[in-house]
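Just below is one structure, and these are the notes that go with it.
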Amino acid sequence: MELLSNLAYGFSVAATIQNILLCLLGALVGTLIGVLPGIGPVATIAMLLPITYKLDPTGALIMLAGIYYGAQYGGSTTAILVNLPGESSSVVTALDGHQMAKKGRAGAALAIAAIGSFIAGTFGTILIAALGKPLTEIAQAFGPADYFSLMVLGLVCAVVLASGSVLKALAMIFLGLLLSTVGTDLETGEQRMTFGLLPLADGIEFVTLAMGVFGFAEILRNLEQEQSRDIVEQKVTNLMPTRADLKEAAPAVVRGTLLGSILGILPGGGAVLAAFGSYTLEKKLSKTPKEFGKGAICGVAGPESANNAAAQTSFIPLLTLGIPPNAVMAIMVGAMTIHGIVPGPQIMQKQPDLFWGMIASMWIGNLMLVIINLPLVGLWVRLLRVPYRMLFPAILIFCAIGVYSINNQPFDVMLTAFFGLCGYVLIKLSFEPAPMLVAFVLGKLMEEKLRQAMLLSRGDPTTFVSFSQHPISTVLIIVSGILLVLAVTPSLRKKRDEVFVE
Amino acid sequence: MSGVEIFRHIRRRAALALGAAALVLAGTGAAGAFPTKPVTIIVPFAAGGPSDTIARLFAASMGQTLGGQVIVENVAGAGSTIGIGRVAKAAPDGHTLLVSHISHATTASLYKTLTYDPVGDFAPVGMMTDGAFVLVSRKDFPAGSVAELFQKIKAGGEKISYAHAGVGSGSHLCGLMIQNALGARMNEIPYRGTGPALSDIVSGKVDLLCDQITSALPQIQGGSVKAHAVTSKAPVAALKLPTVAESGIKDFEITIWHGLYAPKGTPADVIAKLNGALKAALKDPTILKRLDTLSTIAATEKQANPDFLRQRLVAEIANWKGIIEKAGIKAE
Amino acid sequence: MSDHRSQAARSPQDIVGGLALILIALLALYLVNHLPASGRVGFASGTAPRLFAYGLVGLGAMVMITGWMKEGPHIERFSFRGIIAILGSVVLFALMIRTFGLAVSGIPMVLLAGTAARDIRWKEALVFAIALTAFCGFLFPIALGQPIPLWPQF
């Protein structure tokens, strides 16, 4: 088998002492910055870039890639422990993960997230090695119209994120979409809803919004409900998931991995779509959908596997086409060019040691992360026993520094405080922020793709449902329509029943 | 460099920072003694992009020449105007510098209200680099030569779709200049960044794109796009392509040029010292080698002077004013 | 159900929430009023914001209506102590960081945030604020190389 010999070659490159140390270092740094809210992999990789000049290219890339997936693992930790999603794909993890933590099951949530991520990472790596090329072609088949329709499907799914009222979730989706349009218009350069403030010209940063409505609002709520925060502090039961937990989570991990692997190849919102697509799927398949949002283990296992699989397969467009699908990958391109490597279709032939070495190191990196993270579970859980009066100021200063460091703008920090207030009001009025955040992430891409599709079709809106022009788009729109009807009817029926009861 | 050495490097950096901080606290500020604290180069673009890479390359070398630390800070936003504005208001002591590119000139016309004067608020140190764009199309685009391509654009530009990375981006400006020169309009499709734009060129959903050579090179070499011409006046070594200027649009030139600036009022001797460090960096073989892989040309001895940079900035502002006003675009 | 109660708002959360959404949407519509609603291909800079704002007005109205039809929980009291301490500390940090650096801004920030907890112990809080600031000062600008001003810059 050629694949096996290639992988064996890759492991011979990656498994040198130096490369394993670099991989470990990257994974450790990545975990650290992932756990710290706001400091993202993009800034960290950029900072560490000069250090890698002196390394050989393979070693440098192995370390940088380690930071990237280390940050993915670390990000889930903060989402679970303190309800702070540092990046868009961990919004979903925070939903049930933090609820599990509140029930004293933080250890189980962290462990299942790490295990799920490892399995997903392994599968993703194999997929890159075996099917990188044909999968790229699938991604290439997606044009602007198809992307737009995929986003529509995503938004319909976002309704399912809500554990309360469907109507209120829909309203939150529209609020998220509206917020995503703040900033400079892509085509004309006009300022939209920026109040003339320059720092708003590039739109609202995801991190400011997420930290405000999730993190700060959570702190405000915890401070007034002293009982609930004591629960987090004191009632920590078994650290590891039970056999029953594993059995329950296993199918979710498998489904999440498959979904994430496919969506990860699509540039842009791949990881987010994967995470809550998986959540939606698990909630629909579950025998106890009411448990979702209250600490269902499948609600952590599925999305975590999905976003890690997506993080892994997002390397495919970079490695096979040389086109970076997200900001982290763009920096990886920068790192490659500095070493005189031109990423792209030729890399597999011209630099087989780099290509296969990196793929092998992905797996080694994931293995290291699970080895690093499982023992850390105990440490993290102990962190929850720190008195809350000390924990929350620490969270606040980490967030403030993290937000400041995105653009070095004090304005962003103030905006986070403002969104904190908004998030607190949302809690008081029983609106859920998760659908808003998901819509916010998808909104930007959705408007961009809608506009491109309209320009390419010269203003013909039927382009999205024209089977001959865009078969993928047409199918996606039909599926969205069916799902929307299915999502809305039960609530209508329930309302009618309530009316009858009255 | 092993992992242990990296830790050592980080520790060394920590020691440097502490030492520098101690200096600041001690309040040493004698004139002539420059630098007295770490020099910050502000890059008005996101970390990891081409401009950031260039700034970091130069920062490392200039730090060695100046005998102090030179750090890079990214202040991105509002088409680079936030970062440029920060430097305009910084203390004119040479410890806060700016690395900006062509957008320093174009934002003067794109934004009606800037918080700074793009020429008057700065003391140029010298030009750093110059890099051309390359005009690429989907690989099955029916044009055998550049002349034929231009003919097609003139004949029915609206039928040809032109991808760019958003208002004011290099790819947008390049497209504007071509349309302006040909007196035609194409169907402009905006993207968020050149990555997705290039992706849609590869899959044949859009026709044309004008991109920095660095990012388009792998596609050109791999044959997944068709390259037509480069936008500099001189041919580019890495590509065997004609220039736009010799293919029918006389005197056509657009490049991404980076310049180093200090705030206005910075003492002349400090500027001279910085200029010396810049020129030393431009002779550094490792920098030259890395610029080469970025398909970017290092500024010549003459270009790396303050006067040359000022003239170039003034000339570009005037040139873009006409093009941008004619196209009727504005960012506010 | 008595007449008295059916006249009063029955789900105050939804009525206030729906109203707030409508107001946000109206603000957005006012702000994008100068932008074209449709362009050369039926899509312009003002299209998407208007579309989403109209949707939000409609959904906000529906939330309000259901708030009248259906009984729901009352709005809990707001804790102004928490809002002032928590959000105030973050704003304080934002105002101070550029001039005073992390070393100076961190301490008052952590102290102000600490007052949000009713069980604050001042001595402990002061020691903790200094220790936490020192830790952050080492971690972010030095170990991670983030360009955050550490010392005051006058």
Side-chain angles (χ1 to χ4, degrees), chain A residues 32-33 36 39 43-44 47-48 167-168 170-171 174-175 177-178 181 185 187-188 190 192-193 195 216 219-220 223-224 226 388-390 392-394 396-401 404-405 408 410-411 413-414 416-417 420-421 424-425 428-431 443 447 450-451 454-455 457-459 461 498, chain C residues 13-14 16-18 20-21 24-25 28 31-32 35 40-46 48-49 52-53 55-56 59-60 62-63 66 70 73 75-76 78-79 82-83 86-87 89-91 93-95 97-98 102 106 109-110 113-114 116-117 119-120 128-129 132-133 136 140 144-148:
Chain A
L32 176 65
I33 56 151
L36 294 171
I39 307 275
T44 309
M47 292 301 155
L48 292 176
L167 182 61
K168 283 170 131 177
L170 264 175
F174 270 80
L175 183 59
L177 289 173
L178 189 61
T181 61
D185 182 68
E187 188 186 9
T188 62
E190 287 159 306
R192 303 193 299 195
M193 299 180 270
F195 299 95
F216 290 8
I219 291 174
L220 284 167
L223 281 171
E224 55 187 49
E226 291 186 16
Y388 199 70
R389 64 173 187 278
M390 297 171 101
F392 78 80
L396 280 175
I397 194 166
F398 286 150
C399 286
I401 294 172
Y404 176 79
S405 71
N408 299 307
F411 177 84
V413 182
M414 291 205 210
T416 312
L421 183 63
Y424 184 61
V425 174
K428 292 285 176 191
L429 299 177
S430 305
F431 282 89
E447 192 196 0
L450 172 59
R451 177 172 286 184
M454 290 295 268
L455 284 166
S457 72
R458 293 186 174 70
E498 277 168 16
Chain C
Q13 283 191 346
D14 288 4
V16 174
L21 292 178
I24 292 171
L31 288 172
V32 299
L35 298 174
R40 67 190 159 107
V41 292
F43 198 94
S45 51
F52 299 148
L56 197 55
L59 287 163
M62 279 164 75
V63 172
T66 52
K70 202 171 67 173
I75 303 171
E76 282 174 54
F78 282 61
S79 153
I83 295 175
I86 299 292
L87 303 182
S89 74
V90 175
V91 171
F93 179 87
L95 293 174
I97 184 71
R98 275 273 173 83
L102 184 56
M109 180 206 176
V110 175
D119 52 350
I120 184 172
F128 182 64
L132 186 60
T133 305
C136 289
F140 293 96
L144 286 174
Q146 301 285 329
I148 299 165

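In what follows, chains are A, B, ... by sequence order, proteins preceding strands, each numbered from 1.
- Under the 4.5 Å side-chain criterion, counting only non-hydrogen atoms from C-beta, A:Phe216 is not in contact with A:Leu421.
- Note on C:Leu35, C:Leu102, C:Leu95, C:Ile24: by heavy-atom pairs under 4.5 Å with chain A, the leading option is C:Leu35.
- Using a 4.5 Å cut-off between heavy atoms, C:Leu56 touches chain A through backbone and side chain atoms alike.
- When C:Ala44, C:Gly17, C:Ser45 are compared by the number of non-hydrogen pairs under 4.5 Å with chain A, C:Ser45 comes out ahead.
- Only the side chain of C:Met109 has a heavy atom closer than 4.5 Å to any heavy atom of chain A.
- Of the listed residues (C:Thr133, C:Val16, C:Val91, C:Leu132), the greatest number of heavy-atom pairs within a distance under 4.5 Å of chain A belongs to C:Leu132.
- Neither the backbone nor the side chain of A:Phe411 comes within less than 4.5 Å of any heavy atom of chain C.
- A 4.5 Å side-chain heavy-atom check between A:Glu447 and C:Phe52 finds every atom pair outside the cut-off.
- Looking at A:Leu177, both its backbone and its side chain come within 4.5 Å of chain C, counting heavy atoms on both sides.
- In this structure a side-chain-to-backbone donor-acceptor pair under 3.5 Å is missing from A:Tyr424 to C:Phe78.
- Inter-residue side-chain proximity for A:Leu396 and C:Ile86 is flagged as met; some heavy-atom pair is nearer than 4.5 Å.
- With rounding to the nearest 0.5 angstrom, the OG1 atom of A:Thr181 is 5.0 Å from the CZ atom of A:Arg192.
- Interface remark: A:Leu175 contributes backbone and side-chain atoms alike to the contact with chain C (heavy atom separation under 4.5 Å).
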